[in-house]
Number of protein chains: 2
Amino acid sequence: MTTSGFASQARFSAQARLRALQADIMDLILERDLEAGDPLPTENELALALGVGRNTLRESLKVLQALGVVEIRHGFGMFVAPSNFDALADGLTFRGRLSLRHKGGEALELVDVRQALESGLIGSAMDTMTSGQLAAVEESVIRMEELAAAGETFVEADSEFHRRLFEPLNNTLLISLLAVFWKVYRQIHLEVGGGTEDLTETAAVHRRIYEAVAQGDRSLAAERLNHHFDGIRNRITDAINE
Amino acid sequence: MTTSGFASQARFSAQARLRALQADIMDLILERDLEAGDPLPTENELALALGVGRNTLRESLKVLQALGVVEIRHGFGMFVAPSNFDALADGLTFRGRLSLRHKGGEALELVDVRQALESGLIGSAMDTMTSGQLAAVEESVIRMEELAAAGETFVEADSEFHRRLFEPLNNTLLISLLAVFWKVYRQIHLEVGGGTEDLTETAAVHRRIYEAVAQGDRSLAAERLNHHFDGIRNRITDAINE
DNA sequence: AACAGAAGGTGGGACATCCAATATTGTTTG
DNA sequence: CAAACAATATTGGATGTCCCACCTTCTGTT
């Protein structure tokens, strides 16, 4: 091992040592030119190579797993993972729930960020959107309308609508971030808002957004997206005030 | 314990069990109405309460620490943590470095997201910016110019400039995200670009952005921010093509 | 050829034991 | 009496060992 193995001899603070171990593991992946899907050494081999105990190594590995760096499969092995933001979603959800108990500031901050991203990027997305992608967006709207007519909630269709809206940008980081924000919002909404939303109205809002996109009117699409988020923001503030 | 203790008896997949443990800990924090800074039970107490071994508990705690949910202080105790996105930065940095070895796609995606956030929100930030905050922005620009004249790099001043630009929004999530993106970009830049940038030109770009903000011209500020990010994007593509 | 079972290797987990850092307490000392 | 120092209790940090659970693969039977 080249740069590794120093984690145990350093007299750094404990927090720094854990981070150093994580860095060592990531460096090892980079040094060996491993790509997503490639296998890592076994836990025992890694512990030996990095000069730490197996339990200590596992703590770092679990963190890396949570960060979406490695994928751990029981009884099979460990692998370089594809992007994964589930952990970020969990952390943000917790923060949101924690803040809702008092002022709810973080939940609103999250909506603000999501609004900036979606309103700000809808124009670029429309530029490269194909007719097939546009049809997929409408399909999501139709699904929402059908479910609304039947009185059923449409969590999945709603999420899908926003994902398809920005698929043309081919930006996986953006898609992941939006998915995280959507998931966190949904969790917070379930926690406080309950099922008090007007399904038909929500579906109609999405159809109006789709129509603006279909017409190629960038500013109108951005404006209607903003209006959509204003509604979300109001729902959160209402929930905070009980 | 109310909902806890079931983690060990469930025959779920290992991954699900770990996540369940994390959820148990977060639920415990929420149930006990703990706020940021409040102490958690000791490791032994928690392990006993949740019905898992201490090592298993620690693995979850380290993940929660990485997610910024808890703060662990050796020899003192564990506490509910204030927001902390360092771990996310590490994960993203790794992804960026990994992707740079091949096509560099993720690094460019990151710049796109950051550009959307900064260009999209600069207008709102200008609306609520006080004269004091504006002066702080200029102070950062001056620091950059001084350092550029002395031939020294100005990593900290650059980061500070962007942070102060969006401080008026009072959105800690946004500030954290931007800090993460900035840190990741910096790391990637050090990895490949080296110190090949024109310091004086970079400082001048920031001054032009400041001047647009000072004049209250929202569209000009957004445009100059966009230009700034175009330069960053070019630097990355140049680095990829060696 | 197809299926069933055994075997080996992998990660998952629990203890017990010791190390290290921090805060508190008690003692010494001026 | 007060300040400085030292001992101690408490807490997390780290390791080794043992066993369990899961997955793959091989192998032998049907």
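Keep in mind it's a predicted model, so treat the numbers as computed, not measured. Residue numbers start from 1 in every chain, and the chains themselves are labelled A, B, ... in the order their sequence lines are given, proteins ahead of strands.
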Of the listed dA14(C), dG12(D), dA14(D), the closest approach to the Thr56(A) side chain comes from dA14(D)

On the side chain of Arg54(A), is there an atom forming a donor-acceptor pair with the base of dG13(C) - under 3.5 Å, no angle test? yes

Shortest non-hydrogen pair, Arg235(A) vs Thr202(A), comes out as NH2-OG1, 4.2 Å

Can you list everything that forms a side chain to side chain contact (heavy atoms under 4.5 Å, CB included) with Glu146(A)? Sequence neighbours excluded, please. Ile142(A)

Gap between atoms CG and C1', on Leu50(A) and dT15(D) respectively (whole Å): 15 Å

If the test is side-chain contact (heavy atoms from CB on, under 4.5 Å), which one of Leu46(B), Thr42(B), Leu48(B) qualifies with Asn44(B)? Thr42(B)

Would you say Arg17(A) reaches dA14(D)'s phosphate, i.e. side-chain N/O to OP1/OP2 under 4.0 Å? yes

Result for 5'-nearest mapping on DNA chain C, choosing between Leu57(B) and Leu40(A), is Leu40(A)

Atom-pair distance (CG on Leu18(A); P on dA21(C)), nearest Å: 15 Å

Could you check if a side-chain atom of Ile25(B) sits within less than 4.5 angstrom of a side-chain atom of Ser60(B), using non-hydrogen atoms only? yes

Would you tabulate the nitrogen or oxygen pairs shorter than 3.5 Å linking the protein to nucleotides 5-11 of chain D?
none

Using whole Å, report how far CD1 of Ile72(A) lies from P of dG13(C). 10 Å

Rounded distance in Å - CD (Glu59(A)) to P (dG16(D)): 14 Å

Check this for me: does any side-chain nitrogen of one of Arg233(A) and Asp112(A) sit under 4.0 Å from a carboxylate oxygen of the other? yes

Is it true that Glu160(B) and Arg143(B) have a side-chain N and a carboxylate O under 4.0 angstrom from each other? yes

Rounded to whole Å, CG of Asn44(B) lies from C1' of dA14(C) at a distance of 13 Å

